[in-house]
Amino acid sequence: MQDGAAQSGAKPQPLPEKVSVTLTVNGTERRFSVLPWVSLLDALRDHLDLTGTKKGCDHGQCGACTVLVDGRRINSCLTLAVMRDGAHVTTIEGLAANGALDPLQQAFIDHDAFQCGYCTPGQICSGVGLIAEGRAKSADEIREFMSGNICRCGAYPNIVAAIQQAMGTKP
Amino acid sequence: MSMLNNTAKTYTGTATSRVDGRAKVTGAAKYAGDFNAGGLAYGAVVEATIARGRIAQIDISAARRVPGVIDVITHENRPKVADSDEAWRDDVAPEEGSPFRPLYDDAIKFNQQPIALVVAEEWEIARYAASFVRVDYEKQPFVTDVYRKRDDAIVVEKPDRPRGDAAKAFAAAEVRHEADYFIPTEHHNPMELFATTAMWEAGGPLTVYDKTQGVRNVQQYLCSVFEKKPEEIRVLSPYVGGAFGAGLRPQYQVVLAVMAALKLQRSMRLVLTRQQMYGLGYRPATIERLALGARRDGTLDTITHEAVGVTSQFEEFSRNDTGWSALLYASPNARYEHRVAPLDVPTSCDMRAPGAATGVYALESAMDELAVALKMDPVELRLRCYSDRDQNEDLPYTSKRLRECYREGAAAFGWDKRKVEPRSMRDGKSLVGWGMASGVWEALQMPTAVRIVMTANGHAEVSCAASDIGTGTYTIMAQVAADSLGIPIENVTVHLADSTLPRAPVEGGSWMAASACHAVIATAGEVRKELLRLAKLMKGSPLADAVEEDVTLSDGKLVGRRQTERGVSISDIMRHGALERIEKEKTNEFAEDKAHARNTHSAVFAEVKVDEELGVIRVTRVVSAVAAGRVLNPKTGRSQVMGAVVGGIGMALHEETIYDHGLGRIMNANIAEYHVPVNADIHDIEVIFVDEPDALINPLGIKGLGEIGIVGVAAAVANAVYHATGVRVRDLPITLDKVLAGRQAA
Amino acid sequence: MIPFQYTRANNIADAVRLIAATSGAKFIAGGTNLLDLMKDNVERPTTLIDISRLPLTSVEETASGGLRIGALVPNSDLAWHPLIEKRYPLLASAILAGASQQLRNMASTGGNLVQRTRCAYFYDTATPCNKREPGSGCSAISGVNRGHAILGASTSCIATHPSDMCVALVALDATVHVTGPNGARAIPFADFHRLAGDTPHIDTNLGPDEIITSIEVPAKGFASNHSYLKIRDRMSYAFALISVAAALELKDGMIQEARLALGGVAHKPWRNPAAEAALRGRPADEASFAGAADLLLRDARPQAHNGFKLDLARRAIIRTLSQAAHGTPQSQSNKTIQ
């Protein structure tokens, strides 16, 4: 945040009307109203109380906010909730079906693919997206296609191992 | 271990999955910014855009007019806060200086200093309104470049008596190496943004969820700053999204969030932006000078290590980078001196292995250069200088298996196949380099209290104010509790990081594992004692004659240590005593032992491949052999060391906080251009825990793993880059342009 | 971020009408760059016109044997489109060298063209920047400029264009199709981006009321001999210090046609016809490649902190052309540079 230079000469503008947004989140239809500037990430966290999705940079630089929108992994910080009206969103809270962990969630535990756990929801959603894409197979490819998720604790080798386990390419 | 039980299942020392794993993989684990409440207000910070001066005028009128804005707080309208330095000095603050106080007065001491807090109904409203806070500054000259203050830095650490005459020995040495090394400012960049959620409740305490490594520290600090009674503020951090030292001291966002919550009598969340986190503490940029003198046989005559690190103009933070050099290797002459240069920046702070990650980088780079000068294998040089005594204090170690680290690490790496000459190994268009370095850290331990509540159904709740910043504290405490209470780990619940829980030190310095686990054992002993007392009261008790030393808890029963068939189940004892629960709390203190040095050690081996023409560097393999006493949990312990190796690779190749010294501003205050390793940067990392029994340090023989994993890594990588290319880059990070420049100069 | 009205365009005509009628309006598609800049108050649109649902997501073969790529095809879909992978692997490779999979899933083809520089001063509203605030000065010229331009820089701006995809597109002789109030027109890719000159605030020749509808690549895709090599400070998820797109058409070891473009060196994806002409008719060997590199870099001028880029660019050009000549394009997953 900078000083008034960014707004030199400008006056505060009135806020626009809130807009109604409907999302199917983890299989449940959720309808809410937000100002247009609310990111999908903030909508999930602040408006739908789904705080499993994390904010690590708010600029698409870390991947902590990764969710699946209509089956594809994206950075939820760089999209507006209103733009996603009607979409199907899967967050980390929606991966375990009836209490049974997704194979990748279990693989993360098995391989200790995290320490602090903060990047983990994004890593797992990204990994689920990666597996669904069906492109990355080798360790090199997994590393490259998981590079949009930074883990400052440095769990990368374990993350790769967990994904390989979930893909069934390694016991 | 005699302290533990001969139960069918022993958790301590066994690879155990994290007990908080499920919470973390399902999104259920709540971090400071994850606690929601009705009526939560959101804050946004306005930062200074100059490096030094004062606020001549600050106009918040336009910001206040933004619809949805609740308040704008500045130094002019803030509520009263404590006004002595003492009141603002947290537990781990530097002893010297005047701690920073956000929104205290009109003085600007560093760029990105918070100068206003906007509070609004929604985050984006607060951020928008923040852009309308208008500031006129009176600017003053500033310096942010440590090189400009190198010559007038202040001496903060040097030995009372130098060992021998280092300078004279250097002049007379058969083989000499002398060079400067530089580590730039680095920022911790934990993935979690610094955040505080303060829950305000009429008549109740203010409940503060904060991103911190020490809830007790933050709680006492807040009570002091806001002049509150201890029961009026409660601080929690059940999950911490990494910290690496950044959360040791209370950060300004917790002050601002609490200030606003108290003033507005409203629950409040303040999450700093990633950019704003560059206005917090950092690993200080440090200039290191090493001078080594040796005999042709590779024994050291003399070591001189001098360093100049950065601190702020208002606080004197430092960690001794230089003492390690005089400690580690046998040398009759040694001199060290650590100085600090006060600059117009925030106060530097601890970052993983403070002082050692940097100081040992310089030492171990210099040792590699000496090995080159001696035409000696770098491992061999270290063995010739090996010391079984702490060279500074001339004390034996409680244990030191560094020799085994060299041996096991080298064997796993295949070091014997290394060709000595630089540029002698290739893989296609890449030059291959193998480098190694030693690592050293302290094995510290602190008094810590733990409460255990044992219930008749054989469950235990273990409580402690300690934080788990991702290190695995929840898990190792559960393991040790399960073993010492003789119950399955599933029956143990660990509660941490709540200021109302029994006292613990901040989570740092690698001391938490030893401190917390021995506190668990001590308190479990009290539980056992109580169970024995009750068991003796039972009619026909098989333990009627038993004394405390004779019994142990195993498999849900209190049994004889030698005759395990002689026992009574915990539930029977408690039913008989008509007790639902046994609650015990004890503070564990460690016996003082001034006759021994306590350290962890490591040997790190790294392989790099450097494209000969393009200078692109890849770290393809690392073996880290660590001697750190007994490892409580090889699974989480391995992760901890592996992650530290990743941090060390970042330090070697990527990390640098880049200043525009003309503006006194950081120009890569984000996590796109402040490069930390991504998945594609990291390949094979093998962690070896060298068997290091230690009967002297503490009953479990544990030393802690938090720091040792990063120490030496940057040097091992730098030495490998030299071995690959023949280019010695002495200022980190080793980017490809520096390698190319070195080739051209050669 | 400043408040804005949000509206959705129903069709291309609607989009053009809306943007012409609304001052301070901007289109939003993927949003990956625009929202990033809005959060930092660098971009301050008062209306966002959401074009993300317009039917511009197809990849179609053209009558002349090329492909017409809808402006809203996500970068990831484009990189993995069978026709792109088969016929334009250089483009696929360049796309995969950029950003992360999450960002590529969001970012649109058209949006990639209009992404703005990563110059730190452009992002920092506390510092002067001619691109952000015309006339305020350039902080980078006297500041930290390791990542900045070595070709075509002006005295008012030394920023670079950050795209990888565009480097491949300019090499492939793509055409940008746009529609405005006066109808549709086509802009050759090399003319789409501008040099900074004394108007660094204007990145492209796209009119203020125009919308990109598609990008067309001609039939020639150089599928046999190509490579995209990106040199950066870490192995992935980082902007280029230097990137090179090279494509060759070979016959009996002789170069029939050559394409050579650079990223990370200029205010626009850099292509030099003279350097390509110098390669034509020459043997595909290192001497030819070095000659082309020297020609391309003849007018390169370093900034205070990026002198290394001159030599690095030369070496990278030679290596990339060599990879192309050998038919061993740079993998974007295996980071070994052959």
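First the proteins, then the strands, lettered A, B, ... as listed; each starts at 1. Note that these values count all heavy atoms, side chains included, but never hydrogens, waters or copies made by symmetry.
Heavy atoms of other residues, nucleotides or ligands lying less than 6.0 angstrom from CD of Glu286(C) number 12 at most. Surrounding CZ of Arg426(B) are more than 12 heavy atoms belonging to other residues, nucleotides or ligands, all under 6.0 Å away.
Residue contact with chain C, scored on non-hydrogen atoms closer than 4.5 Å, involves the side chain of Asn670(B) exclusively. If you measure heavy-atom distances from Lys309(C) to chain B, you find no contacts under 4.5 Å at all. Of the two parts of Leu229(C), only the side chain, counted from C-beta on, holds a non-hydrogen atom closer than 4.5 Å to a non-hydrogen atom of chain B. Only the side chain of Leu740(B) has a heavy atom closer than 4.5 Å to any heavy atom of chain C. There is no contact between Asn306(C) and chain B, counting heavy-atom distances below 4.5 Å. If you measure heavy-atom distances from Ile617(B) to chain C, the contacts under 4.5 Å come from the backbone alone. If you measure heavy-atom distances from Ile337(C) to chain B, the contacts under 4.5 Å come from both the backbone and the side chain. There is no contact between Ala741(B) and chain C, counting heavy-atom distances below 4.5 Å. Proximity to chain C (any heavy atom under 4.5 Å) is shown, for Gln112(B), by neither the backbone nor the side chain. Looking at His654(B), the atoms closer than 4.5 Å to chain C (heavy atoms on both sides) all sit in the side chain, from C-beta outward.
Shown here for Val616(B) and Met235(C), the closest heavy-atom pair between the two residues is CG1-CE, 3.4 Å. Shown here for Ser131(B) and Asn41(C), the closest heavy-atom pair between the two residues is CB-ND2, 3.4 Å. Contact detail for Arg234(C) and Val676(B): the closest heavy-atom pair is NH1-O, 2.7 Å.
Contact check for Leu241(C) versus Leu736(B): side-chain heavy atoms found under the 4.5 Å cut-off. Contact of the Lys39(C) side chain with the Arg127(B) side chain is registered, since non-hydrogen atoms from C-beta on lie closer than 4.5 Å. In this structure, the side chains of Thr336(C) and Lys609(B) stay at 4.5 Å or more apart for every pair of heavy atoms. Between Tyr123(C) and Asn668(B) the shortest side-chain heavy-atom distance does not fall below 4.5 Å.
Considering Asp681(B), Val678(B), Ile671(B) as possible partners of Tyr237(C), the one that fulfils the side-chain contact (heavy atoms from CB on, under 4.5 Å) test is Val678(B). Under the side-chain contact (heavy atoms from CB on, under 4.5 Å) rule, Val144(C) has a single partner from Leu663(B), Ile658(B), Ile666(B), which is Ile658(B).
Going from atom CG of Asp233(C) over to atom CD of Glu656(B) covers 9.5 Å, rounded to the nearest 0.5 Å. Atom CZ of Arg665(B) and atom OG of Ser139(C) lie 10.0 Å apart (nearest 0.5 Å). The CD atom of Glu613(B) lies 8.5 Å from the OG atom of Ser322(C); values are rounded to the nearest 0.5 Å.
By the 4.0 Å N-to-carboxylate-O rule, Arg319(C) lies close enough to Asp611(B) to be salt-bridged with it. Salt-bridge check for Arg146(C) with Asp737(B): passed, with a basic side-chain N closer than 4.0 Å to an acidic carboxylate O.
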Evaluate the side-chain hydrogen bond (donor to acceptor under 3.5 Å, both in side chains) criterion for residues Gln275(B) and Asp124(C): first the C-alpha distance (whole Å), next the side-chain angles of each, then the deciding distance (0.1 Å), finally the verdict. CA-CA 10 Å; Gln275(B) 292 94 316; Asp124(C) 184 351; over 6 Å; no
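For the set Ser236(C), Gly147(C), Ser142(C), the count of heavy-atom pairs under 4.5 angstrom toward chain B peaks at Ser236(C). Top candidate by heavy-atom pairs under 4.5 Å with chain C, chosen from Glu124(B), Glu673(B), Arg618(B), His661(B), is Arg618(B).
Checked by atom type, the side-chain pair Tyr121(C)/Asp660(B) shows a donor-acceptor distance below 3.5 Å.
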